[in-house]
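Encoded as C-alpha cells, the structure appears first; notes follow it.
Keep in mind the model is a prediction, meaning the values are calculated, not measured. The chains referred to below are lettered A, B, ... by the order of the sequence lines, with proteins before strands, and numbering in each begins at 1.
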Amino acid sequence: MAHLGRDFFARDTLAVARELLGQRLVRIWEGERLSGCVVEVEAYIGEEDQACHARCGRTKRNATMYGPPGHAYVYFVYGMHHCLNVVTGRKGFPAAVLIRALEPLEGIEVMRARRGGRADVELTSGPARLCQALGIDRRFDGVDLCVPDASLFVEKSGALPDVAVTTGPRVGVRGDEAALAAPWRFYVQDNGYVSR
DNA sequence: GGATCGATCGGCT
DNA sequence: GCCGATCGATCCG
C-alpha cells in the first residue's frame, strides 16, 4: 500500500482526522517495521481554537503547525512525554491532528520491550504511550511524512464506514466553552485500544 | 533570572 | 479517583 501523500493532509482538518481512522501509521526503526492501525485522533484547528497550542499565536514550540501539511508536529509535555500530530490544511494556518491511539499490527515485540513489558492493551492506547512504543521523540518535530524514504509515514488502508466511528469532545484540554464542546475527537467504536 | 504550567501516565488509596 | 513526576517553553519583571 502506498504512503499517504501531501494532498491527503492538505485538506480540511476535520476531514483528515476522520479519514485517518483505519489507516496504518508506520515507523521504520532500525530497519524493522513498527506499525499500528489509527483508532483515535483529535483535531486542533487555528488560533481561535482555545485548546490549540497555537491559541496565543506562533512560538518556537508550535512553529511546525504553521508549516506545510504532511509534516510531524511532535511536542514534549509534562517533563517526560511526547505526543505526535500530523500537520494539516494549508501552509501558514496552524492546524494538526493528534494521534491518540493505535491498534498494534507489526513489531509488537519491539513495542513490548520499549514499553517495559506492559500489557499489550497499554502499548499504544494513548498519545504518549504510542510515541514511546514507536520510538518517537522531539527529533521528529518538523519531519516530512510524505517523502519516499521517511522513517515515519502513514500507509493507505481501507476506509472505515461512518457507523464504525464515534465523535466527541477532546480529552484533557482546557479552553473556553466552544473548545470544550467541539466534537473534534474521532475514534473507532468498540476498539479496545482507544485511550481511557 | 525566576515562576508557572502543560493536548499524560502510572502508582496508590 | 487522586496525585506526583519532571522539564522546557513561555511569560513576566
Side-chain angles (χ1 to χ4, degrees), chain A residues 9 12-18 20-21 25 27 36 38-67 69 71-89 93-104 111-143 145 152 154 166-188 191-196:
Chain A
F9 301 104
D12 174 74
T13 301
L14 293 177
V16 175
R18 163 65 181 81
L20 272 173
L21 293 179
L25 181 71
R27 163 84 163 106
V38 178
V39 298
E40 180 183 357
V41 298
E42 284 174 358
Y44 291 87
I45 308 173
E47 296 178 351
E48 306 306 310
D49 175 3
Q50 291 302 301
C52 181
H53 282 171
R55 62 187 173 275
C56 297
R58 183 175 183 145
T59 64
K60 184 177 177 184
R61 184 196 196 204
N62 65 27
T64 300
M65 292 185 85
Y66 288 80
H71 288 240
Y73 166 46
V74 178
Y75 64 89
F76 180 67
V77 73
Y78 295 119
M80 63 189 84
H81 298 305
H82 298 277
C83 295
L84 169 68
N85 300 251
V86 180
V87 178
T88 57
F93 181 82
V97 175
L98 172 69
I99 310 297
R100 285 195 57 89
L102 305 174
E103 177 173 339
M111 296 187 203
R112 287 183 182 131
R114 296 194 63 99
R115 290 280 297 135
R118 301 203 108 75
D120 283 1
V121 74
E122 297 182 345
L123 292 180
T124 54
S125 54
R129 289 173 175 179
L130 73 89
C131 281
Q132 186 178 27
L134 299 187
I136 295 168
D137 59 27
R138 81 197 84 183
R139 293 192 303 262
F140 279 84
D141 185 37
V143 164
L145 309 181
L152 181 67
V154 184
T166 304
T167 65
R170 293 170 291 183
V171 174
V173 300
R174 315 257 317 190
D176 58 15
E177 198 170 321
L180 297 180
W184 291 352
R185 178 185 184 219
F186 299 80
Y187 58 96
V188 179
N191 182 285
Y193 293 90
V194 171
S195 67
R196 296 181 137 201

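Across the protein-nucleic acid pair, A:Tyr73 atom OH and B:dG6 atom C1' stand 11 Å apart, rounded to whole Å. Computed from coordinates, the A:Leu84 CG to B:dT8 P distance equals 14 Å when rounded to whole Å. A:Asp141 places its CG atom 11 Å from the P atom of C:dA9, with the value rounded to the nearest Å.
For A:Asp12 (side chain) and A:Ala15 (main-chain N/O), a donor-acceptor pair under 3.5 Å exists by modelled atom type. A distance-only check finds a donor-acceptor pair linking the side chain of A:Asn62 to the backbone of A:Gly57 [under 3.5 Å]. In this structure, A:Asn85 contributes its side chain and A:Tyr73 its backbone to a donor-acceptor pair below 3.5 Å.
Minimum atom distance to the side chain of A:Arg118 is reached by B:dG10, of the listed C:dT10, B:dA7, B:dG10. The A:Met65 side chain lies nearest to B:dA7 when the options are B:dC9, C:dT10, B:dA7. Distances from the side chain of A:Met80 to the nucleotides B:dA7, C:dA5, C:dC11 place C:dA5 closest. Comparing B:dC9, C:dC11, B:dG6 by their nearest atom to the side chain of A:Ala128 picks out B:dC9. Taking the side chain of A:His53 as heavy atoms from C-beta on, and the options C:dC7, B:dA7, B:dC9, the nearest nucleotide is B:dA7.
The base-pairing partner of C:dT6, taking Watson-Crick or G-U wobble contacts with both distances under 3.5 Å, does not exist among the strands shown.
Side-chain to base pairing of A:Tyr75 with B:dA7: one donor and one acceptor N or O lie within less than 3.5 Å of each other.
For A:Thr59, a side-chain nitrogen or oxygen approaches OP1 or OP2 of C:dT10 to under 4.0 Å. Under 4.0 angstrom from either OP1 or OP2 of B:dC9 there lies no side-chain N or O belonging to A:Arg196. Checking the phosphate oxygens (OP1, OP2) of B:dG10, a side-chain nitrogen or oxygen of A:Arg129 falls inside 4.0 Å.
At the heavy-atom level, A:Arg115 lies under 4.0 Å from the strands shown only through sugar-phosphate atoms.
Mapping A:Val77 and A:Arg58 onto DNA chain C by nearest heavy atom places A:Val77 at the nucleotide closer to the 5' end. Toward the 5' end of DNA chain B, the nearer of the two residues A:Ala54 and A:Gln132, judged by each one's closest nucleotide, is A:Ala54.
Rounded to the nearest 0.5 Å, atoms CZ (A:Arg170) and CG (A:Asp49) are 4.0 Å apart.
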